[in-house]
Enquirer: 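Have a look at the structure that comes next, please.
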Amino acid sequence: MKQPAGWTSPNYLISRYTEHSFMLGILIVYPLFLGVCLAALFRPWIGLVGFYGCVLLEPNWNWRWSIPPDFPFQKYIVASTLIGFLLAGLRGNRLSGSSLAAVVALLSYLVITFVSLQQTIDVRLSEFYWDSVWKIVLMAILAIVLLDEPRKVWICLVVMVLMQGYSAFRINEQYFSDGVSIYAHRAWGTKGDNNLYSNLTVPIIACSASVCIFAKKQWLWIGAGIIFIFQLHQLMLLESRGAMLATVGMMAIFAWYMPRTKFTIWATALALIIGAGLAGPPVVKEFTSSFQAEGERDASADSRFKLWKAGWEITLDYPVLGVGPYAGQRLVPQYYEGYGEGTVKGLHNLFFEITTGSGVVAAIFYFSFFLIPWYLSWRHIRLIGNNPDAPDWLRAILLSVVAGIPGYLAASVFSSGSLIESSYLLASLSLAANSIFSKCGYIEASDDEVIENETGEYLDLDAPDVGNVHV
């Protein structure tokens, strides 16, 4: 297919979108930003949701011809949120039980990473990583505390879907306008290359499908379904093998645990048909190349195996504190079999990025933060997930987490996503939901129990504090 003239130029698309972007930036983005900052002073949870909405929408990128690329939207929103949190007397969910354990694990990872930073072999790379990761951890913990009502958790889930959905729409729009996806070869936004942005999208795909299933408002479930299709096609357009593989597995988990109704069965069949129709020969070739035998794989697929071997050997040589956060890539050329020129090579693997950077113990704490909420959600979805009397907001969160976190971890086997916020937020939503139950006097059930409160009474799924919201 013929490519549009000048499509590799950094200035491509400027003439087509400048006026459109200018109007949206001036008339919508700035007023919305000011509204979020003001609201955060009185209702800090709005600031938190606004922060994650800004992270996923990336206004500096989507309206980059009318908004300065360095305008600090997130910094002002975070400042307003923290001020509002202090003015409100630090009110929110009380961390206890599994929620507290997950937070302690994440903070332990952060502390070890800071200690590793002091002995890094590459100050520039490690300081870049640290400057991002401590802010991600702060907001993830703040999400667990501030999202203390079902309504807030549901709104945050919907905002995740809508904000990333806009970028998915724009990526699809560019492809259908020009006949070729330029973002398979050029970064979309500020999150990194096509693989990293695809990793950001993977857990939100599970959220989109959940909102589509459980939302009662017609505009919302239809919109979430359309976004879901856009997101699936976005992964194909960005040609990220790891994300495509992870999404296939993730959606299999989703289909296994979703409620069986006429709507979900027909929706699943429709999604399969549309997905098969959108996956052209280049996508199929890219997807299947990872399964080919050694010698038949392309250079990109083959390099992943060599990188993982290098990461394993570096981990064995520096198991305690690693060589400094994000600095393991400095040693890859020394351990990579047949590596050519260059002094830095990314490991493209979440586990090895953390073990080589901060050590094995740090990796255990890091993955615990995701596995604890996943286990909670998996246990609860087996108990009440398909109960039609269970609150829809809760069922949506449980299904999103049970499918989304494995999707994120699987995608990060091929390209690390440790500095991508969507996965942390998904884990935080699960822990916030768990804290809501604890706050209402309910304890976590064991595998062979129903969910009971401290007096032994069955959980009232229609109780005001844990019951349904208008989804």
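In what follows, every heavy atom counts, from backbone to side chain, and hydrogens, waters and symmetry copies are set aside.
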Enquirer: I'd like to check the salt bridge (charged side-chain N to carboxylate O under 4.0 Å, His left out) partners of Glu58; sequence neighbours left out, ordered by chain and number.
Expert: none

Enquirer: Output yes when a side-chain donor or acceptor of Arg241 lies under 3.5 Å from a complementary backbone atom of Glu239, and no otherwise.
Expert: no

Enquirer: Of all heavy-atom pairs between Ala246 and Ala410, which one has the smallest distance, and what is that distance?
Expert: CB-CB, 3.7 Å

Enquirer: Is the charged tip of Arg64 near the ring of Trp61: under 6.0 Å from the six-membered ring centre and within 45° of its axis?
Expert: yes

Enquirer: Under a 4.5 Å cut-off applied to non-hydrogen side-chain atoms, are Val158 and Trp154 in contact?
Expert: yes

Enquirer: Taking the side chain as C-beta and beyond, is there a heavy-atom pair between Phe369 and Ser428 under 4.5 Å?
Expert: yes

Enquirer: Just by distance, do the side chain of Gln174 and the backbone of Ile182 share a donor-acceptor pair under 3.5 Å?
Expert: yes

Enquirer: Side chains of Val49 and Val36: closer than 4.5 Å at any heavy-atom pair?
Expert: no

Enquirer: Drop me the distance from Arg330's CZ to Asp122's CG, to the nearest 0.5 angstrom.
Expert: 4.5 Å

Enquirer: Give a yes or no on this: more than 12 heavy atoms of other residues, nucleotides or ligands lie within 6.0 Å of atom CZ of Phe33.
Expert: yes

Enquirer: Identify the two heavy atoms, one from Leu110 and one from Val133, that lie closest to each other, and give their separation to 0.1 Å.
Expert: CD1-CG1, 4.0 Å

Enquirer: On a heavy-atom basis, which atom in Ala396 and which in Phe214 lie closest, and how many Å separate them?
Expert: CA-CD1, 3.6 Å

Enquirer: Cut-off 3.5 Å, side chains only: do Asn195 and Ser240 have a donor facing an acceptor?
Expert: yes

Enquirer: side-chain contact (heavy atoms from CB on, under 4.5 Å), that's the test. Do Ile155 and Arg151 meet it? Break it down for me.
Expert: CA-CA 6 Å; Ile155 289 174; Arg151 173 177 59 96; 3.8 Å; yes

Enquirer: Less than 4.5 Å apart, side chain to side chain, heavy atoms only: is that true for Glu149 and Trp45?
Expert: no

Enquirer: To the nearest 0.5 angstrom, please state how far the CG atom of Asn434 sits from the CD1 atom of Ile397.
Expert: 12.5 Å

Enquirer: For atom CZ of Phe263, decide whether the heavy atoms of other residues, nucleotides or ligands shown that lie under 6.0 angstrom number more than 12.
Expert: yes

Enquirer: Could you state the interatomic distance from CD1 (Ile213) to OG1 (Thr261), rounded to the nearest 0.5 Å?
Expert: 7.5 Å

Enquirer: Could you walk me through whether Met258 and Val402 pass the side-chain contact (heavy atoms from CB on, under 4.5 Å) check?
Expert: CA-CA 10 Å; Met258 74 179 183; Val402 165; over 6 Å; no

Enquirer: Output yes when a side-chain donor or acceptor of Asn199 lies under 3.5 Å from a complementary backbone atom of Tyr408, and no otherwise.
Expert: no

Enquirer: Working to the nearest 0.5 Å, report the span between CG of Leu196 and OG1 of Thr190.
Expert: 11.0 Å

Enquirer: Do Asn349 side-chain atoms and Trp308 backbone N/O form a donor-acceptor pair below 3.5 Å?
Expert: no

Enquirer: Evaluate the side-chain contact (heavy atoms from CB on, under 4.5 Å) criterion for residues Phe85 and Leu90: first the C-alpha distance (whole Å), next the side-chain angles of each, then the deciding distance (0.1 Å), finally the verdict.
Expert: CA-CA 5 Å; Phe85 187 40; Leu90 306 179; 3.6 Å; yes

Enquirer: Do the non-hydrogen side-chain atoms of Leu56 and Val159 ever get within less than 4.5 Å of each other?
Expert: no

Enquirer: Can you tell me how the ring of Phe169 sits relative to the ring of Tyr166, calling it parallel under 30°, perpendicular over 60° and tilted otherwise?
Expert: tilted

Enquirer: Which atom names give the shortest non-hydrogen contact between Thr356 and Gly311, and what distance separates them?
Expert: CG2-O, 3.6 Å

Enquirer: Aromatic ring centroids of Trp63 and Phe71 under 6.0 Å?
Expert: no

Enquirer: At their closest point, which heavy atom of Ile354 faces which heavy atom of Ala362, and how far apart are they?
Expert: CG2-C, 4.2 Å

Enquirer: With Asp193, which residues qualify under salt bridge (charged side-chain N to carboxylate O under 4.0 Å, His left out), at least two apart?
Expert: none

Enquirer: So which atom in Ser98 and which in Leu431 form the shortest heavy-atom distance, rounded to 0.1 Å?
Expert: O-CD2, 4.3 Å

Enquirer: Looking just at side-chain N and O atoms, do Glu353 and Ser418 make a donor-acceptor pair shorter than 3.5 Å?
Expert: yes

Enquirer: Mind checking whether Ser422 and Gln164 have side chains closer than 4.5 Å, heavy atoms only?
Expert: no

Enquirer: Are Leu429 and Ser400 packed together at the side-chain level, in the sense that at least one heavy-atom pair is separated by less than 4.5 angstrom?
Expert: no

Enquirer: If you measure only the distance, is there a donor-acceptor pair under 3.5 Å linking the side chains of Ser435 and Asp148?
Expert: no

Enquirer: Using a 4.5 Å cut-off on heavy atoms from C-beta on, say whether the side chain of Tyr366 contacts that of Leu350.
Expert: yes

Enquirer: Give a yes or no on whether the ring-centroid distance for Tyr183 and Tyr197 is below 6.0 angstrom.
Expert: no

Enquirer: Verify side-chain contact (heavy atoms from CB on, under 4.5 Å) between Trp188 and Leu238, making sure each step is shown before the conclusion.
Expert: CA-CA 9 Å; Trp188 171 270; Leu238 297 186; 5.6 Å; no

Enquirer: Between the main-chain N or O of Leu95 and the side-chain N or O of Ser99, is there a donor-acceptor pair closer than 3.5 Å?
Expert: no

Enquirer: Roughly how far, to the nearest 0.5 Å, is the OH atom of Tyr76 from the OG1 atom of Thr81?
Expert: 14.5 Å

Enquirer: I'd like to check the salt bridge (charged side-chain N to carboxylate O under 4.0 Å, His left out) partners of Asp131; sequence neighbours left out, ordered by chain and number.
Expert: Lys135

Enquirer: Test your reading of the model: is there a side-chain donor-acceptor pair from Ser126 to the backbone of Pro325, 3.5 Å cut-off?
Expert: yes

Enquirer: State the CG-CD1 distance between Asn62 and Ile67, to the nearest 0.5 angstrom.
Expert: 9.0 Å

Enquirer: May I ask you to decide if the ring planes of Tyr326 and Phe128 are parallel, tilted or perpendicular, using 30° and 60° as cut-offs?
Expert: tilted

